[in-house]
Asks: 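Quick one: the structure is below, questions incoming.
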Amino acid sequence: MIFRTFVPVMRLLLRLWLTQKRRDFKWGKFLGEAYFLFLFMVISVTVTVVIHTEMGNATGMEKVVPFIAASIIIPDFLHKLLMKHDETVMDHYLKSKPIPERNWNRFMLITNVVNFWNWSIPIMLLPFCLVFLEWTILIPSFLLILAVSMVGGVAITAFRRAKGWTNKWPVLAAMAIWTVFAFMYSLLGIFLPWGIHVAVFFLLCFGAIAVFYNYLCDLRRYDESQAKASRLFLTGASSLFSMEYVGVLRSKRLRSAVLILPLVFVFNSYTQVPQGQTFMFHLMLMFAVFAPSMMLGQWVFGIEGNYFDGLWSKPIDIRTILKNKYWFYSLLNILPTLLVMPLIWIADLTPWLLAATWLFTAGLANLTLMPTALISSRIEMFQSAFFNYQGASLAVNLFGFVVIIPLALYVVCLWLLPQTTAIIVLAAAGILGFALHHVVINWIASKYEQNRYKNFERYRH
């Protein structure tokens, strides 16, 4: 009986979905997406040919397939976050049929299977599979990468359906746990037979999909049919958290500071490879990961100073804004961390040190930037960043030396302690920072509110 009702309902939903896709089709959007996919395919083929030229017909390449599948989780999630947009809420027309909620949830799961963006990265990695893998293991390898991509697709669907960051953060936390777990399991491929290792990896992927799907089913979201203001390209629906990245994207001054300087330190990290893992190598590595949040963190409330009077009139808590900034800085640190990840192979950098560097930076180093909210001035967002000192003050410049403290702690730990001990200390310090950030931010918010009129007056100069 359930099957009899499920099939007609699903057929109806799929027919409506295909009709909507056909009516919403635009050649300009299609050609733009096809162009970028073509570029990535060219890069993929080029890299594959270069590796094949250098290594020849390398044997045992199937051992790296699980590691590749685990390593694409974060880039794949960020890729889908920008490109994959799901309709996760039934409109009034479908509710009037009526369509049961459980069938709608299953429909979203089915559309993930055929969604193009869930196939894009596996297709990009197909040249590697065709060149380096034997035909007997080609299909299982491709399906494993596809299964990992499907986990990200269902996670993005749950992320889109969640309303507000209270419900969105569990998705991000689960993705972080899944990334670490999948990466750790991929390393076991050295010890396990390849077939067993991949089979268990498939089961883990299905388990992760089940976790995100169950969370998706527990979420309740309704179509209020309310008008929405126009929004900046790729910024998504407006929210309090979007205030962080919209300010960076719209401001030429901040874009230059947050994007260009980290790339300089990333480049410097690669230039230190010939000298080995020296003091300067570790310093450049820390600078590279810390640079985006370090540059933006010196202007805490510098952006909001342009409209803080209006912001204060709304039911928005200072603590919430500061916590959003703290977590936004942590997300910014992920980008340079991904850019320096090839150092694991090029410079023989242990992945545990890279993970500990991000933990230490995101958890503790970023926390040292938050008191800038008490002394920061308003900045002109749309001025050039070149030789621009507007918004700076003696207090801000003096507090800028505080960033030396986490940098010094990082380098001293790696200099004086054995590497394993230093990694444990740095990771523990970062975790401690995450654990105590509520206490520190509450104290800063309390101090800010006590001197709010003095702060507001400072923004007017």
Asks: More than 12 heavy atoms of other residues, nucleotides or ligands under 6.0 Å from CZ of F202: is that the case?
Replies: yes
Asks: With sequence neighbours excluded, tell me which residues meet side chain to side chain contact (heavy atoms under 4.5 Å, CB included) with P351.
Replies: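 Only F183, I344 meet the side chain to side chain contact (heavy atoms under 4.5 Å, CB included) criterion with P351.
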Asks: Does CH2 belonging to W135 count more than 12 external heavy atoms closer than 6.0 Å?
Replies: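 Open.
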Asks: Can you tell me how far apart CD1 (I334) and CG (L338) are? Round to the nearest 0.5 Å.
Replies: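 Here the interatomic distance stands at 7.0 Å.
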Asks: Would a distance-only check, ignoring hydrogens and angles, find a side-chain to backbone donor-acceptor pair under 3.5 Å from T46 to V42?
Replies: yes
Asks: At what distance, to the nearest 0.5 angstrom, does CG of L432 lie from CZ of F360?
Replies: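 It comes to 11.0 Å.
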Asks: Between K80 and S120, does any side-chain donor sit less than 3.5 Å from a side-chain acceptor?
Replies: no
Asks: Apply side-chain contact (heavy atoms from CB on, under 4.5 Å) to the pair Y270 and M284, showing each step before the final yes or no.
Replies: CA-CA 9 Å; Y270 284 97; M284 287 298 105; over 6 Å; no
Asks: List the residues meeting side chain to side chain contact (heavy atoms under 4.5 Å, CB included) with W415, not counting sequence neighbours, and say none if there are none.
Replies: none
Asks: Please state whether the rings of F128 and F132 are parallel, tilted or perpendicular, taking 30° and 60° as the class boundaries.
Replies: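 Aromatic pair F128/F132 classed tilted.
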Asks: For a side chain to side chain contact (heavy atoms under 4.5 Å, CB included) with P336, tell me which candidate from L263, L285, V266 qualifies.
Replies: V266
Asks: Which atom pair, heavy atoms only, marks the closest approach of N112 to V154?
Replies: OD1-N, 3.6 Å
Asks: Between the main-chain N or O of I156 and the side-chain N or O of R161, is there a donor-acceptor pair closer than 3.5 Å?
Replies: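 Looks like no, no N/O pair under 3.5 Å.
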Asks: Determine, using ring centers only, whether F159 and W169 are less than 6.0 Å apart.
Replies: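 When the ring centroids of W169 and F159 are compared, they turn out to be at least 6.0 Å apart.
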Asks: Could you tell me if the side chain of L130 sits less than 4.5 Å from the side chain of L138, heavy atoms only?
Replies: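 Yes, side chains in contact.
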Asks: For F267, is the CZ atom crowded, meaning more than 12 foreign heavy atoms sit under 6.0 Å from it?
Replies: no
Asks: With a 3.5 Å distance limit and no angle check, can you tell me whether Q450 reaches the backbone of A445 through a side-chain donor-acceptor pair?
Replies: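 No: the side chain of Q450 does not pair with the backbone of A445.
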Asks: Is there a donor-acceptor contact under 3.5 Å linking the side chains of S293 and N366?
Replies: yes
Asks: To the nearest 0.5 Å, what is the distance between NE2 on H79 and CG on N118?
Replies: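 Reported to 0.5 Å precision, the distance equals 9.0 Å.
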Asks: Quick one: do Q275 and M280 satisfy side-chain contact (heavy atoms from CB on, under 4.5 Å)? Show the steps, please.
Replies: CA-CA 9 Å; Q275 283 73 39; M280 188 57 65; over 6 Å; no
Asks: Would a distance-only check, ignoring hydrogens and angles, find a side-chain to backbone donor-acceptor pair under 3.5 Å from K84 to W117?
Replies: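 Flag not set: sc K84 to bb W117 has no pair under 3.5 Å.
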Asks: Using 30° and 60° as the class limits, which term best fits the ring planes of W119 and F142: parallel, tilted or perpendicular?
Replies: tilted
Asks: Without hydrogens or angle criteria, can the side chains of K447 and N442 be said to hold a donor-acceptor pair below 3.5 Å?
Replies: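 No, N442 and K447 have no side-chain donor paired with an acceptor closer than 3.5 Å.
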Asks: Taking all non-hydrogen atoms of both residues into account, name the closest pair between M108 and T157 and its distance.
Replies: SD-CG2, 4.0 Å
Asks: Quick one: CG on D76 to CD1 on I121, what's the gap to the nearest 0.5 Å?
Replies: 4.0 Å
Asks: Are side-chain heavy atoms of L296 and F328 found at a separation under 4.5 Å?
Replies: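 They are in side-chain contact.
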Asks: How close do K63 and L192 get, heavy atom to heavy atom, and via which atoms?
Replies: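 The answer is NZ-O, 3.4 Å.
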Asks: Kindly write out the residues that satisfy side chain to side chain contact (heavy atoms under 4.5 Å, CB included) with L407, not counting sequence neighbours, or none if the list is empty.
Replies: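 Once residues adjacent in sequence are excluded, the partners of L407 under the side chain to side chain contact (heavy atoms under 4.5 Å, CB included) criterion are M286, F287, F290.
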Asks: Donor-acceptor check, side chain of Y185 to backbone of P66, threshold 3.5 angstrom: yes or no?
Replies: no
Asks: Are the side chain of H437 and the backbone of F434 linked by a donor-acceptor contact shorter than 3.5 Å?
Replies: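 Side chain of H437 to backbone of F434, a donor-acceptor pair under 3.5 Å: yes, one is there.
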Asks: Within this structure, what is the CE-OG1 distance for the pair M294 and T361, rounded to the nearest 0.5 Å?
Replies: 10.5 Å
Asks: Determine, step by step, whether N324 and R319 satisfy the side-chain contact (heavy atoms from CB on, under 4.5 Å) criterion, reporting the C-alpha distance in whole Å, the side-chain angles of both residues, the deciding distance to 0.1 Å, and the verdict.
Replies: CA-CA 9 Å; N324 284 344; R319 292 167 179 79; over 6 Å; no
Asks: Can you tell me if Q272 uses its side chain to pair, donor with acceptor, with the backbone of T278 under 3.5 Å?
Replies: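 No, Q272 side chain to T278 backbone: no donor-acceptor pair under 3.5 Å.
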Asks: Is a side-chain N or O of T337 found less than 3.5 angstrom from the main chain of W358, in a donor-acceptor match?
Replies: no
Asks: Verify side-chain contact (heavy atoms from CB on, under 4.5 Å) between C205 and W178, making sure each step is shown before the conclusion.
Replies: CA-CA 9 Å; C205 291; W178 162 242; 4.0 Å; yes
Asks: Short question: side chain of S149, backbone of I145 - any donor-acceptor pair under 3.5 Å?
Replies: no
Asks: So, do L78 and L335 sit near enough that their side-chain heavy atoms are less than 4.5 Å apart?
Replies: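 Heavy-atom side-chain distance check passes, below 4.5 Å.
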Asks: Checking the side chain of T368 only, and the main-chain atoms of A365 only, is there a donor and an acceptor separated by less than 3.5 Å?
Replies: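 Pair found, side chain donor or acceptor close to backbone of A365.
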